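What you see is a predicted model, and the numbers here were worked out from it, not measured in a lab. All values below were derived from every heavy atom in this structure, side-chain atoms included, with hydrogens, water molecules and symmetry-related copies excluded. Residue numbers start at 1 and run along the sequence shown.
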Amino acid sequence: MIAVPLANQSATNSMQALFINPFLHAIQDVMTTMARIDATPDKPTLKRDSHAFGDVTVLIGLSDKQAQGSLAISFHESVILDITRRMIGERQSQLNDTITDMVGEITNIVSGGAKRALSEQGYDFDLAIPGVITGKGHEIRHPHSSKTILLTFTTEAGRFFVEINFRE
């Protein structure tokens with residue numbers, strides 16, 4: 001389990017910390033089992049702006065009677081090209097429909113895995129249809145003004161980023 005350095009923060013931030021581990025474990029499981037690549041997380045931090053760190057991002061909303069939130073996964077182009085090659089066995093040379101479909105599918109699988117884990121904690125989330133954003137310098141705007149937790153993962157192909165934003 002990761003210890004989230006959010007001590008002395010509001011109850012909302014403590015609640016957000018509760019959501020990190022299910023997403024962390026789900027993304028690592030997808031990378032290890034489906035892409036056959038290790039994804040090592042850095043310590044979680046609070047994201048300060050809406051700037052995307054990757055070239056392609058998928059954003060998905062999650063809603064429950066107790067909490068609403070969103071998850072964004074953002075990949076550098078070289079990283080998602082490598083992950084796609086590993087997952088489907090075909091080499092892509094640039095961002096295209098296959099890549100955006102792959103990013104959406106990864107997010108669906110991660111969200112589903114985290115949803116199962118969170119259900120054990122009493123949450124029953126509905127998942128929205130993921131939206132994909134591509135291009136250098138794009139922004140990620142979560143629907144809630146809550147603090148956004150940023151997880152940076154390092155792989156042998158480079159880094160990718162997971163943003164978690166929840167409010168009760």
Side-chain angles (χ1 to χ4, degrees), residues 1-7 9-35 37-54 56-75 79-80 83-84 87 99-134 138-153 155 159-168:
M1 291 274 196
I2 280 189
V4 181
L6 297 176
Q9 297 288 327
S10 70
T12 300
N13 286 338
S14 296
M15 191 274 306
Q16 281 203 25
L18 162 80
F19 292 102
I20 290 176
N21 283 321
F23 287 99
L24 172 94
H25 295 300
I27 194 78
Q28 287 181 302
D29 185 52
V30 168
M31 291 299 124
T32 301
T33 60
M34 299 183 79
I37 191 169
D38 289 327
T40 305
D42 290 343
K43 286 188 175 187
T45 60
L46 292 178
K47 189 170 180 203
R48 304 286 180 206
D49 60 24
S50 61
H51 173 75
F53 293 107
V56 59
T57 300
V58 66
L59 181 65
I60 188 168
L62 299 98
S63 182
D64 169 83
K65 289 183 257 180
Q66 302 174 67
Q68 295 80 45
S70 55
L71 166 75
I73 304 177
S74 187
F75 296 92
V79 176
I80 193 59
I83 290 169
T84 301
M87 288 180 75
I99 299 298
T100 57
D101 288 348
M102 180 60 63
V103 173
E105 187 60 28
I106 289 169
T107 302
N108 281 332
I109 296 167
V110 168
S111 298
K115 177 181 175 176
R116 279 188 298 283
L118 288 166
S119 72
E120 295 172 6
Q121 298 177 36
Y123 293 93
D124 184 25
F125 284 102
D126 290 323
L127 303 176
I129 296 172
V132 179
I133 309 158
T134 60
H138 65 271
E139 292 189 349
I140 303 169
R141 299 208 183 265
H142 293 274
H144 304 291
S145 61
S146 303
K147 300 287 184 192
T148 299
I149 297 171
L150 176 67
L151 293 167
T152 302
F153 288 84
T155 71
R159 298 186 315 168
F160 67 92
F161 311 88
V162 176
E163 298 181 17
I164 304 166
N165 179 289
F166 279 93
R167 70 174 175 89
E168 279 191 290

Listed by chain and number, what are the side chain to side chain donor-acceptor pair (under 3.5 Å) partners of His51, not counting sequence neighbours?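 Applying side chain to side chain donor-acceptor pair (under 3.5 Å) to His51 gives none.
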Phe125/Phe166 aromatic ring centres below 6.0 Å: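 Between Phe166 and Phe125, which both carry aromatic rings, the centre distance is below 6.0 Å.
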Kindly give the heavy-atom pair with the smallest separation between Gly104 and Pro130, and that separation in Å.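 Closest heavy-atom pair between Gly104 and Pro130: O-CG, 4.3 Å.
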If you take all heavy atoms of Leu46 and Lys147, which pair is closest and at what distance?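 Taking every non-hydrogen atom into account, CD2-CB, 4.0 Å.
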Donor-acceptor contact present, side-chain Gln28 to main-chain Asp38, <3.5 Å: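 No; zero donor-acceptor contacts below 3.5 Å.
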Please confirm whether the backbone N or O of Ser146 pairs with a side-chain atom of Asn165, one donor and one acceptor, at under 3.5 Å?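 Flag set: sc Asn165 to bb Ser146 pair under 3.5 Å.
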Could you check whether any side-chain heavy atom of [X] comes within less than 4.5 Å of a side-chain heavy atom of [Y], counting everything from C-beta outward?
X      : Y      : answer
Val103 : Thr134 : no
Ile149 : Thr45  : no
Met31  : Ile83  : yes
Gln68  : Pro143 : no
Thr148 : Leu150 : no
Ile99  : Phe75  : no
Ile106 : Met102 : yes

From [X] atom [atom1] to [Y] atom [atom2], the distance as rounded to the nearest 0.5 Å:
X      : Y      : atom1 : atom2 : result
Ile140 : Ile73  : CD1   : CD1   : 10.5 Å
Thr40  : Arg159 : OG1   : CZ    : 12.5 Å
Arg141 : Asp49  : CZ    : CG    : 9.5 Å
Asn108 : Leu127 : CG    : CG    : 7.5 Å

Applying side-chain contact (heavy atoms from CB on, under 4.5 Å), run through Leu24 and Val162 and close with a yes or a no. CA-CA 9 Å; Leu24 172 94; Val162 176; over 6 Å; no
How are the rings of Phe153 and Phe160 set to each other: parallel, tilted or perpendicular (split at 30° and 60°)?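 The arrangement is parallel - the two ring planes meet at less than 30°.
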Any residue meeting salt bridge (Lys or Arg N to Asp or Glu O under 4.0 Å) with Lys47, in chain and number order, not counting sequence neighbours: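 Expected list: Glu163.
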Return all side-chain donor-acceptor pairs below 3.5 angstrom for residues 57-65, not counting sequence neighbours, or 'none' if the list is empty.
unit_1: Thr57; atom_1: OG1; unit_2: Ser74; atom_2: OG; d: 2.8
unit_1: Thr57; atom_1: OG1; unit_2: His138; atom_2: NE2; d: 2.6
unit_1: Asp64; atom_1: OD1; unit_2: Asp124; atom_2: N; d: 2.7
unit_1: Asp64; atom_1: OD2; unit_2: Gln66; atom_2: N; d: 2.6

Apply side-chain contact (heavy atoms from CB on, under 4.5 Å) to residues Phe23 and Leu118 and explain how you reach the verdict. CA-CA 9 Å; Phe23 287 99; Leu118 288 166; 4.2 Å; yes
Mark yes when over 12 heavy atoms from residues, nucleotides or ligands other than Met34 sit less than 6.0 Å from its CE; otherwise mark no.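 Counting other residues, nucleotides and ligands, CE of Met34 stays at 12 neighbours or fewer.
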